[in-house]
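Everything below concerns the one structure shown next.
We name chains A, B, ... by the order of the sequence lines, and we start the count at 1 in each one.
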There are 2 protein chains.
Amino acid sequence: MSEQPKYQQLAAALRREIDNGVYPPGARLPSESELSARFGASRNTVRNGLKLLVSEGLVTSSQGLGYDVRSHEVFELNASRFENLTFPQNGDSYTTDVTNAGRRPHQTLRVEMRPAPPDIAERLKVEAGSKTVLRFCHRYVDDVPWSTQATYYPGWLMERAPRLTEPGDIAEGTTRYLTGAGVEQVGYFDEIATRMPTPEEARLLEIGAGVPVLLWTRTGHSRDEPVRCTVTTLRGDLNRMNYEIGDLAALGGAE
Amino acid sequence: MSEQPKYQQLAAALRREIDNGVYPPGARLPSESELSARFGASRNTVRNGLKLLVSEGLVTSSQGLGYDVRSHEVFELNASRFENLTFPQNGDSYTTDVTNAGRRPHQTLRVEMRPAPPDIAERLKVEAGSKTVLRFCHRYVDDVPWSTQATYYPGWLMERAPRLTEPGDIAEGTTRYLTGAGVEQVGYFDEIATRMPTPEEARLLEIGAGVPVLLWTRTGHSRDEPVRCTVTTLRGDLNRMNYEIGDLAALGGAE
DNA sequence: TAGTGGTCTAGACCACCTC
DNA sequence: AGGTGGTCTAGACCACTAC
């Protein structure tokens with residue numbers, strides 16, 4: 001008779017109504033008991049259907065309030081430009097980009113000495129477990145948690161760039177500081193992956209159910225060897241990355 | 001007393017055991033009734049906890065069998081090289097890449113005339129709803145659904161490159177065909193985003209719960225204007241993208 | 001205080017897989 | 001046949017939000 005389970009029918013019906021604008025972004029869905037009456041299903045079955053929509057990232061739920069249709073706003077992140085070097089300003093490219101977009105950036109920084117995790121060690125071409133410096137940033141835009149960024153520097157860099165270990169910002173930006181110390185990054189290797197957040201990531205980024213993270217791993221190289229590895233964890237619902245490749249003069253956007 | 005809900009405690013405990021290798025990738029978890037006994041919880045509560053792990057992409061469930069720890073295998077996709085032009089082979093870069101990796105590629109192609117969707121129209125700099133050619137690929141690796149790829153060409157291209165509308169492969173590759181027709185792509189603009197799959201995408205890619213998709217939108221430009229827009233939808237659990245930027249001679253990998 | 005979602009239980013029946 | 005997960009129900013109590 002029914003072909004599809006009732007909770008999926010319910011989810012499909014609501015999904016269709018959301019798509020058609022019956023419930024536009026930001027709108028509140030009917031309550032569980034109303035839906036229960038409308039679809040002739042028990043409350044648990046209704047909850048099952050709603051949980052589907054939540055896990056698709058279409059709606060959110062808040063205790064005591066109800067279910068809201070999620071509204072999206074994405075921040076565009078240009079990853080193909082070289083960091084700092086092309087910018088006259090002080091500070092890192094994150095602060096620059098966010099400020100340029102008319103938003104208010106905010107970040108907390110933590111510096112630690114850490115043994116190199118295996119994946120990082122491989123990228124930095126050092127022994128797993130060998131000494132590295134970890135600079136960890138937790139970043140906000142207009143007080144919304146936006147991304148975390150963990151940059152690992154190999155232990156041998158410390159002699160040439162001791163300020164990396166100092167807790168606190170490096171005013172001119174770390175890339176520029178390294179360049180000044182004779183360690184210039186002439187190439188990047190970027191890797192991009194996606195997955196659901198770990199509970200820890202969900203906590204730090206205040207991610208609700210149904211929102212994946214974008215993992216951006218950038219390994220910076222001098223002319224001779226890798227000098228740093230940065231893992232940025234971005235909220236998937238708030239961020240989009242882009243790369244410009246080759247000649248884009250016709251776009252007019254490449255200044 | 002308990003601080004955390006029982007189903008989250010259960011999920012946390014199993015997550016820890018999975019991380020510690022008690023249940024390695026591919027292993028089967030205890031059945032719902034066993035977990036119910038172990039944690040002193042009703043079956044529904046156990047299911048709630050397991051659903052959490054499923055939605056995190058950590059485990060999968062199959063009716064009649066049980067819960068398995070997911071094992072990951074990722075395909076690396078180099079997006080910063082120019083397509084076709086740098087390869088002496090026939091065919092597209094997908095076929096080339098997959099074959100090089102020692103895997104067996106397979107794809108189905110569909111060609112349609114379609115009014116331009118708004119987001120595509122904007123990127124192609126044509127009117128929304130104007131005529132475009134859509135070439136849609138459904139791609140498999142070793143018979144596992146891997147990605148879908150939708151390429152839109154603006155209507156004005158048809159006069160110069162009529163073979164685009166023919167249903168069926170273009171042996172030398174579309175990029176090379178276009179170059180031969182006097183439409184050379186000299187630059188790409190790539191955008192990368194992530195989200196949970198729509199039900200349609202989940203069906204095509206046979207994606208289980210807890211697996212996001214990676215959306216890769218590439219707009220190819222001639223010296224004067226955009227000539228095509230390709231939207232690739234990749235299974236997030238099977239794919240990772242990378243970009244090489246600047247000079248990576250030290251890597252040794254840049255041939 | 002009333003309404004909302006969040007957690008939990010106990011039990012029923014079904015669909016799928018293996019033996 | 002017996003075990004597994006999938007669906008569904010009915011009802012209980014709690015936590016949060018609004019008024």
Using whole Å, what does the distance between atom P of nucleotide dC14(C) and atom NZ of K6(A) come to?
15 Å

Under 3.5 Å donor-acceptor, T132(B) side chain and R114(B) backbone:
yes

In whole Å, I'd like the distance from the CG atom of L29(A) to the C1' atom of dG5(C).
13 Å

Near-ring test Y140(A)/H138(A), centroid separation under 6.0 angstrom
yes

Contact summary for R81(B) and R218(B), nearest pair of heavy atoms
O-NH1, 4.3 Å

How long is the line joining CG of L10(A) and P of dT9(D), in whole Å?
11 Å

Going by number, which of residues 41-48 of chain A have a non-hydrogen atom under 4.0 Å from DNA chain D?
A41(A), S42(A), R43(A), N44(A), T45(A)

Worked check of side chain to side chain donor-acceptor pair (under 3.5 Å) between Y7(A) and N44(A)
CA-CA 9 Å; Y7(A) 78 99; N44(A) 276 331; over 6 Å; no

OP1 or OP2 of dG6(C) less than 4.0 angstrom from a side-chain nitrogen or oxygen of Y67(A), does that happen here?
yes

Could you give the distance from OG1 (T148(B)) to CZ (R110(B)), rounded to the nearest 0.5 Å?
9.5 Å

Positions of residues 198-208 of chain A (non-hydrogen atom under 4.0 Å from DNA chain C), listed by number:
none

Test side chain to side chain contact (heavy atoms under 4.5 Å, CB included) applied to P25(B) - qualifying residues, sequence neighbours left out:
S71(B)

To the nearest 0.5 Å, atom CG of D190(A) lies from atom OG of S80(B) at 9.0 Å

Do any side-chain nitrogens or oxygens of K51(A) fall under 4.0 Å of OP1 or OP2 in dG5(C)?
no

All heavy atoms of P197(A) vs all of A202(A), minimum pair found to be CB-N, 4.0 Å

Contact nearer the 5' end of DNA chain D, comparing S61(B) with G40(A)
S61(B)

Going by salt bridge (Lys or Arg N to Asp or Glu O under 4.0 Å), name the residues that satisfy it together with R240(A), two or more places apart in sequence or in a different chain.
E76(A), E191(B)

Do side-chain atoms of E34(A) reach the backbone of S31(A) as a donor and acceptor pair under 3.5 angstrom?
yes

For the side-chain contact (heavy atoms from CB on, under 4.5 Å) test, which of L14(B), L50(B), L35(B), T60(B) pairs with Y67(B)?
L50(B)

Between N or O atoms, less than 3.5 Å apart, protein on one side and nucleotides 16-19 of chain C on the other: list the pairs.
residue : atom : partner : partner atom : Å
dC16(C) : O4'  : Q63(B)  : OE1          : 3.2

Going from OG1 on T219(B) to OH on Y188(B), what distance comes out if it is rounded to the nearest 0.5 angstrom?
11.5 Å

Near DNA chain D, under 4.0 Å by heavy atom, which residues of residues 30-39 of chain A?
none

Rounded distance [0.5 Å steps], CZ in R28(A) versus OG in S62(A)
6.0 Å

